[in-house]
Amino acid sequence: MDHYVFSAIVLALILLSAALGSRVRASLADHHFSEDSLAAMRIAVGLVATLSALVLSLLISSGNSSLDLVNTALQHNSVAMIQLDRNLSEFGPSAEGLRVDIKNDYAQWISFLFSNERGTTAEAESREILASTYDIQGRIFALQTLGPSQEKLRDRAMELWDSVFAGRWLALEHRRGSIPTPLIAILVGWLVVIFGIFGFSAPRNWSMCVVFLLCALSATTAVFVVLDLDTPFQGMVNVSKTPMMDALKFIGR
């Protein structure tokens, strides 16, 4: 589901819970809102709010770490691609066709990573790209060498391509997101409970309505940030493809 759509649903649920709590309050007698009752509500809400804040901070930290990890991996991947191209250029004309195919394969990979394809289509294209990766690996291994120096070049090319493959697999795994959906659902459930109790315990006036709306928007934004960080190739906050595009321009020269 799109992050914007999911965040809008979360906002609607939060506001609905607050409105429901306020509606229930209007139908109850005043003795339900004694100081002791309100104090108990504050303790309960404080506990759930603390748990929600801890989970939110952990998820944001996890998402940011994942973003940094992928960004660093792709930068290293770009350097490895340039080194591989320079390495293969030492083979001369016999490796020119392979260099062209590697460049085309890299361009296809970049396009796939930053596309919005999902589900079956994305899986099919990822399998196709990985199959191309295996094919190139075999072609590097099959390069004909003319002495020890070129054997070292071929071995080095194999090492670099293994590094490229590892970086691609890491990026592919993080493209789907790593935060479990049940954890997001639990967090949203806690937010709904918090705002429902807020609506139940707060007086019904326009000031409270504005406060509820602002707080609901803030909580929804936090959930959106978690989801956005968890998918480093889509959304507002994503990894930079500049190093990859710079490497693509340099490859084959």
Side-chain angles (χ1 to χ4, degrees), residues 1-15 17 48-81 106 108-123 125-126 129-130 163-195 213-248:
M1 184 183 297
D2 186 83
H3 297 168
Y4 295 98
V5 175
F6 184 82
S7 299
I9 293 174
V10 172
L11 178 61
L13 288 174
I14 289 175
L15 293 177
S17 67
V48 180
T50 301
L51 291 173
S52 301
L54 287 173
V55 171
L56 264 176
S57 63
L58 288 173
L59 291 179
I60 290 176
S61 177
S62 175
N64 189 60
S65 298
S66 177
L67 183 71
D68 290 340
L69 176 64
V70 174
N71 199 41
T72 302
L74 292 181
Q75 289 176 355
H76 290 167
N77 201 259
S78 301
V79 174
M81 288 296 298
Y106 192 48
Q108 184 182 6
W109 173 250
I110 296 172
S111 177
F112 168 72
L113 277 184
F114 292 90
S115 69
N116 292 321
E117 294 178 355
R118 297 179 182 273
T120 305
T121 303
E123 290 181 5
E125 186 164 350
S126 65
I129 292 174
L130 289 176
S163 174
V164 168
F165 176 78
R168 288 188 176 189
W169 189 261
L170 186 148
L172 184 63
E173 288 299 309
H174 282 79
R175 189 177 187 269
R176 306 186 186 102
S178 58
I179 296 178
T181 302
L183 190 57
I184 296 294
I186 290 172
L187 176 61
V188 173
W190 285 348
L191 293 175
V192 169
V193 169
I194 291 170
F195 280 86
L213 179 60
L214 294 177
C215 291
L217 286 172
S218 299
T220 303
T221 302
V223 174
F224 175 81
V225 168
V226 169
L227 296 174
D228 208 45
L229 289 173
D230 191 45
T231 51
F233 297 102
Q234 287 89 32
M236 297 176 61
V237 182
N238 49 44
V239 298
S240 173
K241 65 177 180 180
T242 301
M244 303 177 73
M245 298 304 297
D246 290 342
L248 185 63

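Just so it is clear, the values below take in all heavy atoms, side chains as well, and ignore hydrogens, waters and symmetry mates. Position 1 is the first residue of the sequence, and the numbers go up from there.
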Query raised in the report: Yes or no on side-chain contact (heavy atoms from CB on, under 4.5 Å) for Leu227 and Thr231, after CA distance, side-chain angles and deciding distance?
Result: CA-CA 7 Å; Leu227 296 174; Thr231 51; over 6 Å; no
Query raised in the report: To the nearest 0.5 Å, what is the distance between NE2 (His76) and CG (Asn71)?
Result: 10.0 Å
Query - Donor-acceptor contact present, side-chain Ser57 to main-chain Leu54, <3.5 Å - result: yes
Report summary line: CD1 of Ile184 to CD1 of Ile179, rounded to nearest 0.5 Å, is 5.0 Å
Query raised in the report: For the atom pair CG (Leu15) and CG (Leu217), what is the distance rounded to the nearest 0.5 Å?
Result: 7.5 Å
Report summary line: On a heavy-atom basis, the closest approach of Leu59 and Leu183 is CD2-CD2, 3.5 Å
Query - NZ on Lys241 to CG on Leu248, rounded to 0.5 Å - result: 10.5 Å
Report task. Using the side-chain contact (heavy atoms from CB on, under 4.5 Å) rule, take Val188 and Ile9 through it: C-alpha gap first, then chi angles, then the decisive distance, then the call. Result -> CA-CA 10 Å; Val188 173; Ile9 293 174; over 6 Å; no
Query - N/O donor-acceptor pair under 3.5 Å between Ser62 side chain and Leu58 backbone - result: no
Query raised in the report: Should Asn77 and Ser163 be marked as a side-chain contact (heavy atoms from CB on, under 4.5 Å) after you check the CA-CA gap, both sets of side-chain angles, and the distance that decides it?
Result: CA-CA 7 Å; Asn77 201 259; Ser163 174; 5.6 Å; no
Requested in this report: Grab the two heavy atoms, one from Ser52 and one from Trp190, that are nearest each other, plus how far apart they are.
Outcome: OG-CB, 3.3 Å
Query raised in the report: Hey, what do you get for OG (Ser65) to CD1 (Ile60), rounding to the nearest 0.5 Å?
Result: 11.5 Å
**Report entry** For Pro232 against Val70, the heavy-atom pair lying closest together
**Finding:** CG-CG2, 4.2 Å
Query raised in the report: Would you say the side-chain atoms of Ser7 pair up with the backbone N or O of Tyr4, donor to acceptor, closer than 3.5 Å?
Result: no
Query raised in the report: In Å and rounded to the nearest 0.5 Å, what is the CG to CG distance from Leu69 to Leu74?
Result: 9.5 Å
Query raised in the report: Tell me, do Phe195 and Leu13 make a side-chain contact under 4.5 Å, heavy atoms counted?
Result: no
**Report entry** side-chain contact (heavy atoms from CB on, under 4.5 Å), paired with Val225, selected from Leu229, Asp228, Val223
**Finding:** Leu229
Report task. Run the numbers on Met244 and Leu113 for side-chain contact (heavy atoms from CB on, under 4.5 Å), then give the verdict. Result -> CA-CA 11 Å; Met244 303 177 73; Leu113 277 184; 4.0 Å; yes
Report task. Decide if the gap between the ring center of Phe6 and the ring center of Phe224 is smaller than 6.0 angstrom. Result -> no
